[in-house]
Number of protein chains: 2
Amino acid sequence: MSVQVVAMQDHRTAAICGLTVPVTDLSSLFHRQPIERFEPGRAIFWEGDEAADVFEVADGMLRALRLLGDGRRIIVGFLRPGDLLGVSLKERYLYTVEAISLVQLRRFPRRRFEDEVARHSNLQQQLFARLRDEMTAAQDQAVLLSRRSAEEKLANFFLMMRRTENSQRTSVVDLPMTRLDIADYLGMTIETVSRTITKFATSGVIAAPERRSITVLKMETLRSLADGDESGQWVPSRIAPARYAAASA
Amino acid sequence: MSVQVVAMQDHRTAAICGLTVPVTDLSSLFHRQPIERFEPGRAIFWEGDEAADVFEVADGMLRALRLLGDGRRIIVGFLRPGDLLGVSLKERYLYTVEAISLVQLRRFPRRRFEDEVARHSNLQQQLFARLRDEMTAAQDQAVLLSRRSAEEKLANFFLMMRRTENSQRTSVVDLPMTRLDIADYLGMTIETVSRTITKFATSGVIAAPERRSITVLKMETLRSLADGDESGQWVPSRIAPARYAAASA
DNA sequence: CGCGTATTTGAGTCAGCTCAAAGTCCGTGG
DNA sequence: CCACGGACTTTGAGCTGACTCAAATACGCG
């Protein structure tokens with residue numbers, strides 16, 4: 001089975017200033033590459049295409065998606081500035097990636113990318129770190145999808161979008177994607193997404209003045225709606241509910 | 001956010017026989033370690049524990065799970081012989097891992113594991129490959145969870161369990177886990193799992209004589225029930241349904 | 001201003017959930 | 001060897017939240 005990396009979060013924004021830097025940083029590989037622009041809706045590459053290049057997102061937001069045989073669409077993730085995409089390490093892209101907003105990318109040949117990474121162990125380290133984050137994202141999505149109610153899913157989604165924002169914890173959450181994108185990411189319908197947002201707004205948890213952004217008014221309420229673990233805070237108790245008691249000794 | 005690897009598939013069963021082998025292979029790190037046994041239901045480690053060791057599964061099946069705040073349980077994955085677990089590269093385990101059947105493991109100190117991997121670039125390569133597979137598994141689960149109907153989910157689950165079997169494509173699928181495990185993996189209830197299995201059996205798609213295994217009678221029907229892409233075969237058409245037409249040129 | 005797309009709102013249906021109870025499997029002790 | 005107990009599984013009945021179909025409304029662009 002073919003495998004690839006969709007996107008990888010970039011935490012530590014390296015503080016490299018000016019000078020011609022040796023290859024000490026993954027993003028430094030992309031620095032010299034020219035910016036390419038993609039209009040909203042444009043595909044950067046398609047599921048099944050030969051994985052010729054790797055990209056770094058310089059600006060804008062993208063969606064990574066898979067189409068199922070019956071026409072259903074699954075959004076695997078949203079990509080933001082700093083994310084890498086197309087790091088396949090295999091021969092073909094596993095997902096289609098499309099621009100949501102106006103997007104700016106830097107392109108790097110995959111072959112050379114792999115050579116560089118193989119040559120510099122510090123780059124490997126960084127790639128590892130990104131892979132780990134990417135994996136976490138994938139599993140967080142799985143957790144999100146297994147949430148029972150529409151309210152839980154959306155509340156979690158808003159928190160996630162807020163957190164991934166440019167690290168400043170503002171209560172304003174940008175939603176450049178459409179309701180359909182959100183629906184296909186959360187495994188629900190566009191109508192239910194809309195209704196649930198309306199419900200949140202009506203109950204005063206959020207304000208939704210514009211189409212493409214919401215403002216969180218009652219963060220704590222939103223958190224409790226999101227409920228459950230919400231990745232990061234350990235439930236101190238180790239005692240599983242009786243339902244899950246160990247089968248034997 | 002803390003990150004870790006739950007499990008990583010082992011494809012290429014290295015054909016190393018006898019001799020004292022230099023560290024050319026990830027599993028070779030574990031070869032000298034003594035076997036540890038875990039009874040069904042026993043936890044190998046808990047979510048939040050300090051990630052002190054890495055393990056290789058020698059025999060048996062395990063489940064990796066997360067408990068949500070409200071008591072719900074999410075099974076993140078099932079682990080089989082050859083899988084690694086606890087490769088956190090961070091300080092804490094992100095999941096609880098429990099034995100389903102009688103399990104045999106080899107333990108290796110995480111610190112030393114990381115040293116070895118950092119020292120040998122071929123080990124890094126292998127770790128990469130496993131990380132990629134692990135990621136794919138995580139995303140496959142997301143796809144599974146976003147499947148609409150119970151029938152689709154279960155059909156896909158059976159195909160997945162069959163495929164991961166010891167590479168021989170038998171029509172008998174072992175299910176050492178309980179219905180509850182399956183339910184928590186697929187994001188449904190135990191009752192619906194049971195009803196759906198009964199339905200499959202009644203319609204002659206599978207036979208379920210024993211509790212812990214099923215036999216696929218009509219593979220093609222099961223596939224069509226699983227429907228959609230079923231990871232691996234590209235939908236040749238690049239034409240998205242009108243619903244998903246690109247927003248602009 | 002008019003059109004096409006995106007979003008919201010409405011009404012009815014149903015798959016899967018919940019609650020409840022019966023049935024099955026298996027190990028233990030008399 | 002069989003009865004008993006506990007856990008797991010299946011089956012039943014009713015309810016409900018999310019889906020489907022349908023229509024109205026809002027937005028953005030030429």
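Keep in mind the model is a prediction, meaning the values are calculated, not measured. Quick note on labels: first sequence line is chain A, next is B, and so on, each numbered from 1.
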Open item on the list: Please report the interatomic distance CG(B:L154) to NZ(B:K199), rounded to the nearest 0.5 Å.
Closed with: 10.5 Å

- [ ] Please round to the nearest 0.5 Å and tell me the distance separating atom CE of A:M161 and atom CD1 of A:I214.
- [x] 11.0 Å

- [ ] Kindly assign one of parallel, tilted or perpendicular to the pair A:F200 and A:F158, based on the angle between their ring planes and the thresholds 30° and 60°.
- [x] perpendicular

In whole angstrom, what separates [X]'s [atom1] from [N]'s [atom2]?
X	N	atom1	atom2	result
B:R147	C:dA15	CZ	C1'	18 Å
B:D184	D:dT9	CG	P	12 Å
B:D181	D:dA7	CG	P	16 Å
B:E39	C:dG27	CD	P	13 Å
A:M188	C:dT7	CE	P	14 Å
A:R148	D:dT16	CZ	C1'	14 Å
B:E210	D:dT10	CD	P	13 Å
A:K199	C:dT8	NZ	P	14 Å

Given [options], identify the nucleotide with an atom nearest to the side chain of [X].
X	options	value
A:R212	C:dA6, D:dC19, C:dT18	C:dA6
A:R195	C:dG23, C:dT18, D:dC19	D:dC19
B:T192	C:dT8, D:dT10, C:dC17	C:dC17
B:S194	D:dC8, D:dT10, C:dG16	D:dT10

Open item on the list: Quick check on DNA chain D: between A:S149 and A:P209, whose nearest nucleotide comes earlier from the 5' end?
Closed with: A:S149

Is there a side-chain contact between [X] and the phosphate of [N], meaning an N or O under 4.0 Å from OP1 or OP2?
X	N	result
A:T178	C:dA6	no
A:R211	C:dT8	no
A:R179	C:dT8	yes
A:T198	C:dT9	yes

TODO: Spell out, as yes or no, whether a donor-acceptor pair under 3.5 Å connects the side chain of A:N156 to the backbone of A:K153.
DONE: no

Open item on the list: Base of C:dC19, side chain of B:E191 - is there a donor-acceptor contact under 3.5 Å?
Closed with: yes

Open item on the list: Can you tell me if B:R37 has over 12 outside heavy atoms packed within less than 6.0 Å of its CZ?
Closed with: no

